[in-house]
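Positions are given from 1, in the same order as the sequence printed here.
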Amino acid sequence: MGKENEAVEETIATTPTNEARIVDSFEPAAHIQDETLKPQLSRVPSSAPYSIFSPKTKMFIVFAVSISSLISPFGATTFYPALDVLAEDLNVTPTLINLSLTTYMIAQGIAPSLIAGMSDNSGRRLSFIVCFVIFVIANVGLALQTNYAALLVLRMVQAFGCSAAIALCTAVVADIATSAERGRYMGYATAGLLIGPAFGPTIGGVLDQYLGWRSTFWFLAIFGGFLLVTFTFLFPETCRNVVGNGSIPARGVNLSILGYLQQRRHAKQMYEDDEVETASVALAAKRRGKFTFPNPLRTLAILGEKESLIVLLYNGAFFTGMIGFATPAIPVLYKDIYNLNTLDIGLCYITMGVGSLTSALTMGHAVDWNFRRHAKRLGVVITKGKQQDLSDFPIERVRLEVVVPGHVIGTLAILAFGWTLKYRTNLAAPEIALFFIGFGVSTSFNISNTLLVDLHKSTPATATAAVNFVRCLMTAGAAACIIPLCNAIGPGWAFTLIGLVYVVLIGVLFLLMARGQQWRKETNAKKEKKRLEKLAQQSAERDAESEVGGDQFSLHKDEKGTNSR
């Protein structure tokens, strides 16, 4: 094993700009301050699996984060069908009630940037638990509140409680799944986030029809409590900066029952080289002792990278078509055109949810198939459980080739939805359009999200928070303007205007496929240059401190000799 370690270290020395080649089982965050820790990572053997979690454990983890991601769309949409009733009870106009949707989206865009950095450094479990507690408290308050001001404030607190599910859903997938299998797992993990906007109003419509609008918040409080108990006792820590590939024992709040059992199973298959395991554990212990206060500026820093910024703007703009335009417009337009009650309106969201679910369960497999196809074409060997080197791999083309069909389907469906409402066709027509809106938008959102995680694999939660920041701000503006826009020019031309924007956006996909790999290399080169400059500066500072210490020791020795004489 000693020769193997020397070979690994020699490989690292010859490829300083390629983080993907450094280590498979433990990837440090880009913002680790103590650069002296990084050389220890070379002692992790290249034969180590990317994740030690068994397939069944992985599926439980993915299922858990998928269910947890429901709290974000549920929190936003369960009271959509009851907006008019809520306005009457609080003696405010529907416009002011719609403002609560906008403030919710704004808060939801900002909050994940606070929680993401903490989760990338201190672990996923702590972030989940803190946010679930906040979510439960906020919903209890919303169920009991009696005035509009309390509604606005508590809705923002509720949005903060949802932030863990948003920021950490894809981050957990990045922790346990390699790029070759990430499409499938990402589809499953984000299913809740994408079908929630469809089934949330359905549940809200049923609850409002039979139990009143306050019951929607009691339902959310109970759901949040269920998630809190489940994650506290069962959800294992996956953050690679805390437990590596899962082989480093978790401690304190990072330890769960399932995580403990997983560690016991792994203890029977310890690495033959005890020094490797000891070095990894020592590194994790040193990192674990440092709690990093959330820094939202790390999320904003991603916006300064050319390729990432373009992916973020595309992702947010396309997602806005479903959540910012179609979803808020349904209660008002359907009630006016088809004279539906709150329960019927809630049921009309189901078709969009089925479309999103269909995309989540199928398109992830298409993404992984396309990865294997390109790998075979380029002669890249895919080893199960090992992370591939993506430095010379066209990951942008691999992901976005699958996005193009979804983009076209979503755009055509947006146009069809607007004109079927314009001409007041049978209800089945806009419902079919909603199915394809859900399918197309979910496909584009999911896969572009996966690409962003590929670009920021060492800080996936921070990258996901950047996604959420952009899309929530866009969605908030869209939700505020869609009804006035439909009233001004009609739903047909309103959604045609949106569709024309998406026609232009498809050019962004081809631009990224053509130039993305080059931009990625330029960004990585700049990061590496800054890292080496920082290392050189730290080395110079240590040398200066050593010289000062040596001079002081010599002076002290001379003084001691003089005094003795």
Inset, instruction - Please answer whether the main-chain N or O of G212 pairs with a side-chain N or O of S215 as donor and acceptor at a distance below 3.5 Å. - result: yes
Legend entry - E305 and L309: CA distance, side-chain angles, deciding distance, side-chain contact (heavy atoms from CB on, under 4.5 Å) verdict: CA-CA 6 Å; E305 300 174 11; L309 177 61; over 6 Å; no
Legend entry - T190-N446 side chain donor-acceptor pair, cut-off 3.5 Å: yes
Inset, instruction - Please check if any side-chain donor atom of E181 sits under 3.5 Å from a side-chain acceptor atom of Y50, or the reverse. - result: no
Inset, instruction - Could you tell me whether the side chain of T57 and the main chain of F53 form a donor-acceptor pair under 3.5 Å? - result: no
Inset, instruction - Begin from the C-alpha positions of L313 and M474 and carry the test side-chain contact (heavy atoms from CB on, under 4.5 Å) through to its verdict. - result: CA-CA 9 Å; L313 292 176; M474 288 185 173; 3.8 Å; yes
Inset, instruction - Taking side chain to side chain donor-acceptor pair (under 3.5 Å) as the test, write out the residues that go with S66, two or more places apart. - result: none
Inset, instruction - Carefully, step by step, assess F135 and C162 under the rule side-chain contact (heavy atoms from CB on, under 4.5 Å). - result: CA-CA 7 Å; F135 184 74; C162 296; 3.5 Å; yes
Legend entry - pair Y334-N339: side-chain heavy atoms closer than 4.5 Å: no
Legend entry - T78 side chain vs G75 backbone, donor-acceptor pair below 3.5 Å: no
Inset, instruction - Would you name the heavy atoms of T450 and R182 that are closest together and state the gap between them? - result: CG2-CG, 4.1 Å
Inset, instruction - Go through the steps to decide whether D336 and R424 satisfy the test salt bridge (Lys or Arg N to Asp or Glu O under 4.0 Å), and finish with yes or no. - result: CA-CA 10 Å; D336 177 56; R424 298 174 179 260; 3.7 Å; yes
Legend entry - Single hit among L434, L340, L421 for side-chain contact (heavy atoms from CB on, under 4.5 Å) with I330: L434
Mind listing the side-chain donor-acceptor pairs of residues 196-207 below 3.5 Å, one per line with the distance, residues two or more places apart or on another chain?
residue	atom	partner	partner atom	Å
T202	OG1	A198	O	3.3
T202	OG1	G346	O	2.5

Inset, instruction - Could you tell me which non-hydrogen atom of L455 sits nearest to which non-hydrogen atom of S308, and how far apart they are? - result: CD1-OG, 4.2 Å
Inset, instruction - Supply the atom-to-atom distance I414 CD1 to F436 CZ, rounded to the nearest 0.5 angstrom. - result: 13.5 Å
Inset, instruction - If the plane angle is over 60° it's perpendicular, under 30° parallel, otherwise tilted; pick one for Y314 and H407. - result: parallel
Legend entry - Separation between CE of M186 and OG1 of T170, rounded to the nearest 0.5 Å: 5.0 Å
Legend entry - Nearest non-hydrogen partners of D368 and S179, listed with the distance: OD1-O, 4.5 Å
Legend entry - N/O donor-acceptor pair under 3.5 Å between R240 side chain and D175 backbone: yes
Legend entry - Candidate pair S356 and I437, rule side-chain contact (heavy atoms from CB on, under 4.5 Å), full reasoning: CA-CA 8 Å; S356 297; I437 288 174; over 6 Å; no
Legend entry - Atom pair CG/SG of L168 and C131 - distance to nearest 0.5 Å: 7.5 Å
Inset, instruction - Tell me yes or no: between the side chains of D89 and W213, is some donor less than 3.5 Å from an acceptor? - result: yes
Legend entry - N/O donor-acceptor pair under 3.5 Å between E88 side chain and V85 backbone: no
Inset, instruction - Please report the closest heavy-atom contact between Y104 and A159, naming both atoms and the distance. - result: O-CB, 3.5 Å
Inset, instruction - Could you check if a side-chain atom of F235 sits within less than 4.5 angstrom of a side-chain atom of V65, using non-hydrogen atoms only? - result: yes
Legend entry - Whether R125 side chain and P236 backbone form a donor-acceptor pair below 3.5 Å: no
Legend entry - Sidechain-backbone polar pair: R399 side chain, I447 backbone, donor-acceptor under 3.5 Å: no
Legend entry - R124 versus S119, side-chain donor and acceptor atoms under 3.5 Å: yes
Legend entry - Pairwise distance CG(L452) to CD1(I302) - rounded to 0.5 angstrom: 6.5 Å
Legend entry - F132 and F231 aromatic ring geometry - parallel, tilted or perpendicular at 30°/60° bounds: perpendicular
Inset, instruction - Can you see which heavy atom on S256 is nearest to which on L234, and at what distance? - result: OG-O, 3.3 Å
Inset, instruction - State, to 0.1 Å, how close S51 and I176 come at their nearest heavy-atom pair, and which atoms those are. - result: CB-O, 3.6 Å
Inset, instruction - Answer yes or no: is there a donor N or O on one side and an acceptor on the other, between the side chain of Y148 and the main chain of L96, under 3.5 Å? - result: yes
Legend entry - Flag for S359-S442: side-chain donor and acceptor within less than 3.5 Å: no
Legend entry - From CG (N449) to CG (N315), nearest 0.5 Å: 5.0 Å
Legend entry - F445 CZ to F319 CZ distance, which is reported to the nearest 0.5 Å: 5.0 Å
